[in-house]
Amino acid sequence: KQEVTQIPAALSVPEGENLVLNCSFTDSAIYNLQWFRQDPGKGLTSLLLIQSSQREQTSGRLNASLDKSSGRSTLYIAASQPGDSATYLCAVDNAGGTSYGKLTFGQGTILTVHP
Amino acid sequence: EPEVTQTPSHQVTQMGQEVILRCVPISNHLYFYWYRQILGQKVEFLVSFYNNEISEKSEIFDDQFSVERPDGSNFTLKIRSTKLEDSAMYFCASSVFIQSKQYFGPGTRLTVT
């Protein structure tokens with residue numbers, strides 16, 4: 001059974017810092033990995049999707065990497081801003097068997113960027 | 001940019017009552033999903049749906065739950081007889097293809113009293 005873990009559970013940084021959020025998964029047989037942002041009481045906004053054949057994806061100040069064999073992904077946020085404050089979730093889509101887009105989520109990292 | 005929409009945003013119901021949560025997926029998407037998030041816990045997969053059939057469901061999705069696409073635009077989740085432990089945020093999602101990016105709606109907060 002796939003298990004997804006995110007470290008740290010919470011992170012507080014001053015504005016302007018570069019930071020790294022970590023995600024690990026127990027079963028390396030995945031189709032893809034998605035990073036989401038969740039604001040309090042709101043839905044999930046997809047940030048980046050990395051296919052299993054890819055090593056990284058970039059969008060603006062965000063860069064996500066994937067090391068499928070070791071079961072790890074990182075989300076790098078450059079020059080953090082107070083508007084980046086949110087919970088960041090990673091989710092994996094398992095390959096094989098009869099998986100039909102079922103995402104398995106981590107518990108999230110709560111990020112606070114203070115001015 | 002097209003969005004997934006969900007109604008209502010908040011639903012309060014009494015234990016044992018039936019509820020229907022509604023979603024309008026993005027119009028050209030073919031795959032539809034329901035997830036839930038109990039307060040303070042992980043987001044959990046409930047069910048995936050394609051071509052008017054359930055593709056996959058989790059162990060949470062028991063006989064009390066059902067999904068339907070009654071017309072070309074709506075996708076609904078019905079809980080037949082709600083329990084206190086069904087209180088959660090319910091998210092609908094859709095994707096163009098299986099294993100492509102999933103787009104989530106804003107959620108319906110269900111409170112069972």
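Side chains are part of it too, since the values below use all heavy atoms of this structure and drop only hydrogens, waters and symmetry mates. Note on naming: letters A, B, ... go to the chains in the order of the sequence lines (proteins, then strands), and numbering restarts at 1 for each one.
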message: I need the B/Tyr103 OH to A/Ser46 OG distance, nearest 0.5 Å.
response: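 So the OH of B/Tyr103 and the OG of A/Ser46 are separated by 6.5 Å.
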query: Distance from A/Lys102 atom NZ to B/Ile98 atom CD1, nearest 0.5 Å?
result: 12.5 Å
Report yes or no: do [X] and [Y] belong to one cluster of Ile/Leu/Val/Met/Phe/Trp/Tyr joined by side chain heavy-atom distances under 4.5 Å?
X        : Y       : value
B/Phe32  : B/Tyr90 : yes
A/Leu62  : A/Val20 : no
A/Phe36  : B/Met89 : yes
A/Ile110 : A/Leu21 : no
B/Val4   : B/Tyr31 : no

task: Measure from the side-chain N and O atoms of A/Asn32 to the backbone N and O of B/Ser100, and report whether any donor-acceptor pair falls under 3.5 Å.
output: no
message: Keeping B/Gln102 on the side-chain end and A/Gly101 on the backbone end, is there a donor-acceptor pair under 3.5 Å?
response: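 Answer holds: yes.
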task: Assert yes or no for the condition that the ring centre distance of B/Tyr35 to A/Phe105 is strictly below 6.0 Å.
output: yes
- prompt: Would you find more than 12 non-hydrogen atoms of other residues, nucleotides or ligands less than 6.0 Å from A/Arg72 atom CZ?
  reply: no
B/Lys42, NZ atom: more than 12 neighbouring heavy atoms under 6.0 Å: yes
task: Decide yes or no for A/Leu103 and B/Phe45: does some side-chain heavy atom of the first lie under 4.5 Å from some side-chain heavy atom of the second?
output: no
- prompt: Does any non-hydrogen side-chain atom of B/Gln37 lie less than 4.5 Å from one of A/Gln38?
  reply: yes
Between A/Thr45, A/Leu49, A/Leu48, the one whose heavy-atom pairs under 4.5 Å with chain B are most numerous: A/Leu49
message: If I measure from the heavy atoms of chain B, does A/Gln107 come under 4.5 Å with its side chain, its backbone, both, or neither?
response: both
